[in-house]
Q: 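Input: one structure, supplied below.
Both ligands and their constituent atoms are indexed starting at 1 by order of listing.
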Amino acid sequence: MVFEEELMSLVRCQEVGCALAIEEKQVIQVGSMLTITGTCMKGHCFKWSSQPRCCGPKSRPAGNVALAAATLLTGNTQTTLNEMCNVINLATIKKSSFYEIQRDILLPNIQKMYNAHIEDIHKAYEYLPTKVTVAGDARHDSPGHSAEFGLYTIMDTINDVIISSKTVAVGEKDVPNSYWLENEGLKRCLKELKDCKIHIDTLVTDRHSSIAKTMREKYSDVRHEYDIWHLAKSIRKKLVKACGKHQEIRPWQKAIINHFWWSAETCNGSYTQFKERWTSILRHIVDRHKWICCEEFHQCEHDEVDMSKLWLTEGSDAHRALQVIVAENKLLKDLEHAVEFCHTGNLEVFHSMLLKYMPKRSRFGHECMIARGMLAVIDHNLNVHREHGTLSDGGKQYKLEWSKRSKQFVVKRIKEAKDYSFREQLMIGVFERAVNGDKSRSTLLDPESTRLIEEHKKSKRGEKPSKEEAVAGHMSRMK
Ligand SMILES: [Zn+2]
Ligand SMILES: [Zn+2]
């Protein structure tokens with residue numbers, strides 16, 4: 001970083017043997033580049049720029065291209081870059097040039113890198129065993145019904161690598177509103193995998209009812225499992241509510257959830273076992289540990305227990321409230337899709353990292369959303385197998401973290417530093433493109449989809465009024 005005054009003190013005529021001061025200096029700023037011109041007392045012309053220009057047709061200053069690229073590749077935004085620079089009066093690129101560089105150079109390069117990356121991953125499956133278990137989930141750009149975009153990702157649960165990801169926008173074919181983003185994303189991912197001849201054996205998702213329907217009707221050859229963690233979470237939520245009304249349940253809350261996990265883990269893929277093990281809690285809790293009414297599971301598997309003070313009374317309000325939760329029809333039905341004890345846990349890890357590339361407070365265009373999703377996938381896949389970090393003396397790195405859940409400090413492993421070499425590779429591609437002036441745009445957007453989205457927006461919002469008229473109308477109402 002160079003301050004202007006310090007820079008000016010260096011400005012001297014560069015003609016051999018001259019070195020006189022430059023008079024009538026003119027300073028021109030092009031984004032982050034500064035150009036100084038003038039003449040010395042002997043009349044020698046002086047011209048100096050703080051950056052070389054890329055020799056492409058637009059001859060953009062190299063620093064401007066680098067700044068725009070670094071901003072996008074690190075998940076930052078044009079706004080944060082400019083705000084930061086403005087505070088310290090640091091010369092930076094204009095909004096319009098940022099978006100021009102993004103469109104002409106960055107997006108096509110990100111697309112190229114992502115395509116090569118995902119193709120590599122797909123190729124590896126030619127040599128892998130045929131049955132693949134994957135987890136799938138969507139993340140929307142904003143919560144609730146206001147979402148405009150959804151990113152659906154499918155992750156191999158064995159190696160936690162993302163093998164397909166698709167960004168879907170409201171208004172595209174079969175996506176009349178945000179509810180359908182997830183469904184459409186899943187369909188596109190499954191199509192991609194099918195086209196690449198990757199055979200999905202089991203798909204794990206949360207309990208989105210439209211997803212269940214799609215899987216049942218369109219992909220009956222794929223086993224559909226529900227994420228066990230989501231199921232446990234929904235039971236816990238209901239239990240917490242019931243505890244408010246029935247104090248007697250409270251001491252049992254943790255044990256009931258543990259029992260759910262135990263039932264899932266020990267059912268050996270059998271729906272009957274899972275269901276009977278899970279619902280047996282309703283008998284155990286009223287001090288009945290043997291029964292004959294079930295098909296396969298007839299007694300508790302614990303040793304002698306004395307909980308005399310805690311047993312509920314059979315048929316009491318608390319017991320009946322618990323029955324409503326444990327033996328709820330939908331839940332029991334859903335257990336059929338949870339016998340494999342699968343979870344989507346590592347997708348959640350990806351989704352929290354995704355926020356780095358798609359900060360919730362920022363809005364991005366369609367093309368940019370797709371590219372940012374691609375960057376996040378590359379970042380995830382290249383860093384998913386990081387090892388435990390080592391110290392300079394060879395020891396392993398740990399940190400102490402406060403756990404809200406267990407209300408104590410817990411020891412956590414620190415992973416080795418992330419590998420961002422993909423950014424360096426991208427920068428090389430970016431400069432190659434800036435120099436050779438390749439004019440081809442990215443093909444991230446499908447023209448037909450873009451037309452549909454525009455039409456959909458028009459049908460929802462009506463024609464956009466002229467700004468002048470709208471402002472005039474607003475002003476006259478204010479009077
Ligand atoms: Zn001179
Ligand atoms: Zn028991």
Side-chain angles (χ1 to χ4, degrees), residues 2 4-28 34-50 228 231-232 235-236 238-239 242-243 246-268 270-328 331-332 335 338-339 341:
V2 183
E4 204 168 331
E5 223 178 76
E6 324 308 310
L7 180 63
M8 289 309 168
S9 73
L10 281 178
V11 172
R12 294 269 155 191
C13 180
Q14 293 189 327
E15 203 63 36
V16 180
C18 181
L20 283 172
I22 300 298
E23 313 207 310
E24 290 168 38
K25 279 189 286 250
Q26 279 193 315
V27 180
I28 305 161
L34 209 65
T35 299
I36 304 164
T37 54
T39 44
C40 78
M41 263 165 64
K42 285 188 183 166
H44 299 134
C45 287
F46 176 88
K47 189 176 179 191
W48 178 89
S49 289
S50 66
I228 196 81
L231 277 166
I235 295 170
R236 184 183 294 123
K238 288 177 193 161
L239 277 177
C243 287
H246 309 281
Q247 290 297 323
E248 310 96 291
I249 302 177
R250 196 179 296 272
W252 288 96
Q253 199 179 312
K254 215 171 166 184
I256 295 171
I257 295 297
N258 287 344
H259 178 74
F260 178 77
W261 283 105
W262 174 81
S263 311
E265 220 177 335
T266 57
C267 73
N268 250 327
S270 151
Y271 173 47
T272 311
Q273 279 286 344
F274 192 178
K275 200 169 65 175
E276 294 184 352
R277 277 164 189 260
W278 165 234
T279 48
S280 74
I281 188 76
L282 290 171
R283 292 183 207 95
H284 171 81
I285 209 167
V286 292
D287 201 12
R288 271 176 58 201
H289 310 282
K290 277 188 182 163
W291 51 87
I292 45 163
C293 54
C294 285
E295 281 175 45
E296 292 176 14
F297 190 65
H298 302 287
Q299 63 178 58
C300 294
E301 285 189 357
H302 54 76
D303 301 329
E304 279 300 306
V305 279
D306 179 25
M307 313 263 269
S308 44
K309 282 179 192 154
L310 295 172
W311 300 125
L312 300 191
T313 313
E314 187 152 17
S316 65
D317 284 356
H319 189 225
R320 264 184 285 170
L322 195 62
Q323 194 162 10
V324 170
I325 298 170
V326 172
E328 186 211 11
L331 174 67
L332 294 188
L335 295 187
V339 295
F341 199 60

Q: Taking salt bridge (Lys or Arg N to Asp or Glu O under 4.0 Å) as the test, write out the residues that go with Glu265, two or more places apart.
A: none
Q: Checking one value in my table: which N/O/S atom of His289 lies closest to the Zn ion (ligand 2)?
A: ND1
Q: Would you check if the distance from the ring center of Phe297 to the ring center of Phe274 is below 6.0 Å?
A: no
Q: Start with the C-alpha gap between His302 and His284, add the side-chain angles, then the distance that decides, and say whether side-chain hydrogen bond (donor to acceptor under 3.5 Å, both in side chains) holds.
A: CA-CA 10 Å; His302 54 76; His284 171 81; 3.0 Å; yes
Q: Examine distances only and state if a side-chain atom of His319 and a backbone atom of Leu282 form a donor-acceptor pair shorter than 3.5 Å.
A: yes
Q: Which atom name does His284 have for its N/O/S atom nearest to the Zn ion (ligand 2)?
A: ND1
Q: Once side chain to side chain contact (heavy atoms under 4.5 Å, CB included) is applied, do any residues pair with Cys243, and if so which ones, sequence neighbours excluded?
A: Ile249, Arg250, Gln253
Q: Quick one: salt bridge (Lys or Arg N to Asp or Glu O under 4.0 Å) partners of Asp317, sequence neighbours excluded?
A: Arg320
Q: Assess whether salt bridge (charged side-chain N to carboxylate O under 4.0 Å, His left out) is satisfied between Arg288 and Glu314, documenting all intermediate values.
A: CA-CA 10 Å; Arg288 271 176 58 201; Glu314 187 152 17; 3.3 Å; yes
Q: Closer than 2.8 Å to the Zn ion (ligand 1), which protein N, O or S atoms?
A: Cys13 SG, Cys18 SG, Cys40 SG, His44 ND1
Q: Rounded to 10 degrees, what angle sits at the Zn ion (ligand 2) between Cys300 SG and His302 NE2?
A: 110°
